Amino acid sequence: MRVIHTIAELRQALAGQQRTAFVPTMGNLHEGHLSLVREAARRGGPVVVSIFVNRLQFLPHEDFDQYPRTLARDCELLAPAGCDIVFAPSESELYPEPQAYKVQPPAALADLLEGEFRPGFFTGVCTVVMKLFQIVQPAVAVFGQKDYQQLAVIRGMVRQFALPIEIVGHATVRADDGLALSSRNGYLQPAERVEAIALAQSLRQLAAGARDGAATLASIEAAAADSLRARGWVPDYLTLRRRSDLLPPTDAERLAGEPLVALGAARLGQTRLIDNLEL
Ligand SMILES: Nc1ncnc2c1ncn2[C@@H]1O[C@H](COP(=O)(O)OP(=O)(O)OP(=O)(O)O)[C@@H](O)[C@H]1O
Ligand SMILES: CC(C)(CO)[C@@H](O)C(=O)[O-]
Ligand code: BAL
């Protein structure tokens, strides 16, 4: 496995490759990331994993500075998972000048849910992912369903720009107690780590109420948020959405079996966690 820090060296290493599989990450890797890497390795071509904490997708008050940078340990985990090349550019390599050209996803998809609470987040994500796609030129890129809206936004970007890249969504990997693995779980204090499973539980509560004709969507969502609040969380959103466009279902759709997804984001102490559950 090679660790490469520059665009020029990466292009040289990949010259002539047709079937590169790519897994973009921000590092501080866990089993969730590694299962994306194994999925990429099953495709048969060279596997590139990028590690880059992308300043463009963080708001000024968010955890960009605090975000764990653990490259040496990440590399130890990546080699046995089937990674061939780790691409770990510096900030000045990826953004040698202020990134003035940006990829702006449509507000209808990107300004809700995560985008409502992290304005500009998906512009930052799309811009760096587009740039990484141009650099790596993969045939396949693997993303986690844990970041459900991100996967939808990337799929839309690839479709509308006619990028010749197959986007693979990989199931969320969870700890034994049901908590979705996430780099930010590392911020949790021991007691918070025990409590953290309540987020997945509240998604199950939403799912259980989803087809209840006696309740309104608003009352189902309010009950789930109230149970989290009662346990000391600060929910950003807990909501049932149509899988197709992440908009709220009408009651008729909800009761007629429209494919839905329960999505949640909430803060526990200093840590903001997200999760989702397809119904
Ligand atoms: N538990 C998981 N299961 C499957 N994929 C995951 C999981 N956690 C993260 N991923 C995916 O890994 C890729 C890189 O994500 P990222 O490096 O932001 O990790 P993260 O654990 O989600 O970090 P954070 O806690 O900062 O959100 C994304 O496609 C993301 O969806
Ligand atoms: C896709 C990504 C690597 C872009 O910085 C990031 O949003 C992430 O880790 O999910
Ligand atoms: N896991 C998505 C990247 C972020 O939260 O910034």
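Index from 1, following the sequence. All values derive from a computational prediction rather than experimental measurement. Computed from heavy atoms alone, side chains included, the values below leave out hydrogens, waters and symmetry copies. Whatever order the structure lists them in is the order used to number ligands and atoms, beginning at 1.
- The distance from ligand 2 to the heavy atoms of Pro24 drops below 4.0 Å at these ligand atoms: 3 (C).
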When you look at Thr127 and Gln99, which way does the side-chain hydrogen bond (donor to acceptor under 3.5 Å, both in side chains) test go after all the steps?
CA-CA 9 Å; Thr127 302; Gln99 184 70 29; over 6 Å; no

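- Among the atoms of Thr25, none of the N or O lies under 3.5 angstrom from an N or O of ligand 1.
- Close approach to Val128 involves these atoms of ligand 2, each under 4.0 Å from a residue heavy atom: 4 (C), 5 (O).
- The distance from the CD atom of Gln137 to the CD atom of Gln17 is 12.0 Å, given to the nearest 0.5 Å.
- The minimum heavy-atom distance linking Ala40 with Val23 is given by the pair CB-CG2, 3.8 Å.
- In this structure, atom 25 (O) of ligand 1 lies nearest to the protein heavy atom Ser182 OG, 2.4 Å.
- Here Glu76 does not pair with Arg73 in a salt bridge; the nearest charged N to carboxylate O distance is not below 4.0 Å.
- Heavy-atom contacts of Leu36 reach the following atoms of ligand 1: 5 (N), 11 (C), 12 (O), 13 (C), 29 (O) (cutoff under 4.0 Å).
- Near Gln57, the atoms of ligand 2 lying under 4.0 angstrom from a non-hydrogen atom of the residue are 4 (C), 5 (O), 6 (C), 7 (O).
- Here is the list of ligand 1 atoms found below 4.0 Å of a heavy atom in Thr172: 1 (N), 3 (N), 4 (C).
- Listed for the His170 side chain is no donor-acceptor partner under 3.5 Å among the backbone atoms of Gly144.
- Contact annotation: for Ile154 versus ligand 2, there are no heavy atoms closer than 4.0 Å.
- Remark: distances from the non-hydrogen atoms of Arg174 to ligand 1 are all 4.0 Å or more.
- In the candidate list Val23, Leu151, Thr25, Thr25 is nearest to atom 3 (C) of ligand 2, counting heavy atoms.
- Note on Leu10 and Ile51: separate hydrophobic clusters, where clusters join Ile, Leu, Val, Met, Phe, Trp and Tyr whose side-chain heavy atoms are under 4.5 Å apart, directly or indirectly.
- Tyr67 and Asn54 form no side-chain donor-acceptor contact under 3.5 Å, judged by distance and modelled atom types alone.
- In this structure, ligand 3 sits under 4.0 Å from heavy atoms belonging to Met26, Gln57, Arg118, Phe121, Asp147, Arg184.
- No donor-acceptor pair closer than 3.5 Å links the side chain of Arg38 to the backbone N or O of Gly82.
- When only interatomic distances are considered, the shortest N/O to N/O separation between Arg184 and ligand 1 falls below 3.5 Å.
- The residue Ile274 has no part lying near ligand 1, judged by heavy-atom distances below 4.0 Å.
- Using a 4.0 Å cut-off to heavy atoms of Phe143, the atoms of ligand 1 that qualify are 29 (O).
- Under 4.0 Å from ligand 1, heavy atoms of Met26 appear from its side chain as well as its backbone.
- Of the protein's non-hydrogen atoms, Gln150 OE1, 2.7 Å is the one closest to atom 7 (O) of ligand 2.
- The nearest protein atom to atom 30 (C) of ligand 1, hydrogens excluded, is given as Asp147 OD2, 3.0 Å; this is a heavy-atom distance.
- Stacking of Arg155 on the aromatic ring of Tyr148 is not recorded, the 6.0 Å distance cut-off and the 45° axial limit not both being met.
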Using residues 115-123 as the side-chain source, report each donor-acceptor pair under 3.5 Å to any protein atom, sequence neighbours left out, with the distance given to one decimal.
{"residue": "Arg118", "atom": "NE", "partner": "Glu62", "partner atom": "OE1", "Å": "3.4"}
{"residue": "Arg118", "atom": "NE", "partner": "Glu62", "partner atom": "OE2", "Å": "3.1"}
{"residue": "Arg118", "atom": "NH2", "partner": "Glu62", "partner atom": "OE1", "Å": "3.1"}

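- Of the protein's non-hydrogen atoms, Gly144 CA, 4.2 Å is the one closest to atom 6 (C) of ligand 1.
- Closest to atom 16 (P) of ligand 1, if we only count protein heavy atoms, is His33 NE2, 3.4 Å.
- Nearest protein heavy-atom contact of atom 9 (C) of ligand 1 is His30 CE1, 3.8 Å.
- In the vicinity of Leu181, heavy-atom distances shorter than 4.0 Å reach the ligand 1 atoms 1 (N), 2 (C), 7 (C), 8 (N).
- A distance-only check finds a donor-acceptor pair linking the side chain of Glu253 to the backbone of Thr250 [under 3.5 Å].
- Between the side chains of Glu221 and Thr239, a donor-acceptor pair is found at a separation under 3.5 Å.
- Ranking the protein heavy atoms by distance from atom 3 (N) of ligand 1 puts Val173 N, 2.8 Å first.
- Side-chain N/O atoms of Glu192 and Tyr187 include no donor and acceptor closer than 3.5 Å.
- Of the possible polar contacts, one joining the Asn276 side chain to the Gln145 backbone as a donor-acceptor pair under 3.5 Å is found.
- Side chain of Arg184 to backbone of Thr271: no donor-acceptor contact under 3.5 angstrom is found.
- Hydrophobic clustering (side-chain heavy atoms under 4.5 Å, transitive across Ile, Leu, Val, Met, Phe, Trp, Tyr) keeps Val142 apart from Ile167.
- Note on Val86 and Leu77: same hydrophobic cluster, where clusters join Ile, Leu, Val, Met, Phe, Trp and Tyr whose side-chain heavy atoms are under 4.5 Å apart, directly or indirectly.
- Of the possible donor and acceptor atoms, one in the side chain of Asp74 sits under 3.5 Å from a partner among the backbone N and O of Leu29.
- At the shortest separation from atom 9 (O) of ligand 2 among protein heavy atoms lies Met26 CG, 3.4 Å.
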Evaluate the side-chain contact (heavy atoms from CB on, under 4.5 Å) criterion for residues Gln149 and Arg241: first the C-alpha distance (whole Å), next the side-chain angles of each, then the deciding distance (0.1 Å), finally the verdict.
CA-CA 11 Å; Gln149 187 181 11; Arg241 296 295 169 103; over 6 Å; no

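- Here the shortest heavy-atom distance to atom 4 (C) of ligand 1, taken over Gly169, Ser35, Ala171, belongs to Ala171.
- Near Tyr67, with a cut-off below 4.0 Å to any heavy atom, the atoms of ligand 1 are 23 (O), 24 (P), 26 (O).
- The Ser183 neighbourhood of ligand 1 comprises atoms 19 (O), 20 (P), 21 (O), 23 (O), 25 (O), with distances under 4.0 Å to a heavy atom of that residue.
- Given atom 22 (O) of ligand 1, the protein heavy atom at minimum distance is Lys146 NZ, 2.4 Å.
- Annotation for ligand 1: atoms under 4.0 Å from non-hydrogen atoms of Pro24 are 13 (C), 14 (C).
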